[in-house]
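What follows is a short report on a single structure.
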Amino acid sequence: MEKDEITNKEPDKKGRGTILKTVLGIVLAVVFFASVPLALLGSVFLTPSVYDETYYGQLIHMVRRLNNTEGRKIVFVGNSAMAFGLRPDLIEKEIPGYDAVVFGLYGAIGTKAMIDLSGAGIGDGDIVVLAPEQYAPSLSLAFSGSEMWLAADADYSLLGYLPQDDGDKMIGAFVDYAQRKFSYTSKGKKPETDGVYMQSSFDDEAGNEVGYMTYERPYNTMPFGYDANALISYDPGLFGDGFIDYVNEYAAYVRSVGAEIYYGFAPVNRFGLTDDTTAESIEAFYSYVVEHLDMEIMGHPADYIMDYEWFYDSNLHMNSSGMYAYTRRVVEDLKAQLMLSSDTDIEVPEKPIIPSDGDIEEGDNKDAHCFTYEIRKDEAQGTDIAVITGLTEDGSAKSELTVPASYDGKPVALFEPTVFRDHKKLSSVVISGNIRMIFDGSFSGCTRLREIRLTHKTPCGVGLELFSGTDGFRIYVPASALDVFATHYNWSAYKDYLTGYET
C-alpha cells in the first residue's frame, strides 16, 4: 500500500476504506453528486490553501506529528480541551522514554473524526489516552463535514484518514466550502485571523510548530468566571447512540497493534456545572463509564473538576497557568496507571488574578429607557456590572432597539436570554461592545428580525440556536473583525450569517 505523501504511515492502516482515496476521487464525487461546476472545482483544488493560518490549519500539523514521531508515544485523543490543556514537553520530562502527542483540536469536528484520524499513527508500545469533552456532541458520533473541509484545506491528503461513512457529509458540505474559498482566492486574500484561534498559536517564538498551545492566555475572561451557555453535567445519557461501541472498537484496534488505551477526563470548570450536579451524580457517571467501556479508566472525573481561575474562555479551555494544573493532574494519574513511583515535579503557578475591568466602552444609550436593569456583582472580577432583565412598555413597542453601553455608571455586560425572546415586532438590534456574552436562544421567536449589529472589535461569547423561529437575518460586525468572527471557535457556527460593515 502506498504511504501518504505527508507522513511515513499508511493512511488506511485501520483496515477500513477511506472517505476518498485521492483528490481526483473527491473531484469526481462532488461533480456527480453536487453538480459543482468544474471552474469552481478548479478554484478550490488548484489554488493554495486559504485556511491554513486559521485554527483549523493546526489539524494537519497534529496528524503529521503523530504519524512522524518515531518510538513510543503517549497520544491524547480528544477535542479542544486537549489543545488548551496539555503541555507535552512537561509530560515527556515526567515520563521518560515516551514522546507526548496532543491530538485534539475542535469539538465541532467531532471526537469520531479524531479517533479515525489517529488510527494510522498508533503503533506498538504506544499509550493512548482518550479524553473527550464532557459534552453530548463530543460523546457522540457527530461529524461536521463543513468544519472538516476547512481543516482539510491546509492539505487534502488529510481526507485519506477518514472512513467512507463520512463521505455523504463531506460531499454535502463541499459547495459551501468551495464558495467560501473562491471568495477569498478571487480577491487574493486569506482570512485575517487574530487572537488565540490561529494556527500560529501553536508556534514558538521562532515560528516553529511545537505541538502545544503557546499563545498567552493570562486569566479567565468569562462573565462571572464561567460560560453559562455551555453548562456541564455528569449524566450517562450524554453518550450518543453507538458512541460506546465505536470507542470499544477503537480500543480493540489500539490493542491489536500492540498499544494500550485508557479513558481519561477533560478538565471542567467548577463554576460551569449544572445545578443538579452532585457527588452522587458524578459517581454514577464514573460507574457507568467503568461498566461500559472496554478499557481501564484513568483517574476519577471528580478530580478533574477544577477552580474557575484556571480556565480561559470556556468551561473546558485552560488558561496558560491552568495548563500546568491540568497537565500535573494527568501526569499523576498516568503514573499511577503505569505504576511509576517517581515524584511529579511540575510546579503549578499561583492562580491568576483576574483584573478588574474598569473601562466602559462608549456607545449609544438612546434606548436606555426601553430596558429594565439589575446591578450584579461579578465575583470573578470583583466589579459591579449592569444586566438587562427585560423590556419596558416603550421597548416592547419598538421594532428597532439599541442595547445601551452603560447604565448608572456601570457597563451593560449582559442581557438575560428572555429579554428579546418572542418579540414579534423586533426587526433590528444593535449590541454594544460591552456585552460579554449572548445566551442560547436569545432571539428565538423573533419572526421579523432581520439584522443584529455588533460593535465588538473582538468576539464576545455566544450560545447556540440564537435565532430559532426566525429567517433571513444577518449578523453585522465591523469589517475589520469579520474574519476573526468567522473563524472563531464559537462564532464560526454563524459564519453563514456574518457580514462586515465599515465603522
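The six-membered or imidazole ring of Y324 lies away from that of Y326, with a centre-to-centre distance of 6.0 Å or more. F271 has its ring centre no less than 6.0 Å from the ring centre of F224. Between F239 and F285, the gap from one ring centroid to the other is short of 6.0 Å. Outside the 6.0 Å centre-distance limit, the rings of F202 and Y215 are not counted as a close aromatic pair. Centroid-to-centroid, the aromatic rings of F45 and F174 come within less than 6.0 Å.
We find the OG-CD1 distance between S442 and I435 to be 9.5 Å, quoted to the nearest 0.5 Å. Note that OG of S138 is 11.0 Å distant from OH of Y106, once rounded to the nearest 0.5 Å. In this structure, S49 OG and K190 NZ are separated by 5.5 Å, a value rounded to the nearest 0.5 Å. Rounding to the nearest 0.5 Å gives a distance of 6.5 Å between CG of L466 and CD1 of I438.
Checked for salt-bridge contact, K93 and D89 miss the test: no charged N lies under 4.0 Å from a carboxylate O. Using a cut-off of 4.0 Å between Lys/Arg side-chain N and Asp/Glu carboxylate O, K112 and D166 are scored as salt-bridged. We find that D294 and R255 are joined by a salt bridge, their nearest charged nitrogen and carboxylate oxygen being less than 4.0 Å apart.
Using modelled atom types, one finds no donor on one side chain facing an acceptor on the other under 3.5 Å when comparing Q199 with E53. Of the N and O atoms on the side chains of T111 and N79, at least one donor lies less than 3.5 Å from an acceptor on the other residue. T274 and Y234 share no side-chain donor-acceptor pair at under 3.5 Å. Side chains of E260 and Q337: no donor on one and acceptor on the other come within 3.5 Å.
Checked against H317 for a ring-ring contact (aromatic ring centres under 6.0 Å, His included), the options F311, Y489, Y312 give a single hit: Y489. Considering R329, K335, R328, E332 as possible partners of T344, the one that fulfils the side-chain hydrogen bond (donor to acceptor under 3.5 Å, both in side chains) test is K335.
Contact of the I282 side chain with the H300 side chain is registered, since non-hydrogen atoms from C-beta on lie closer than 4.5 Å.
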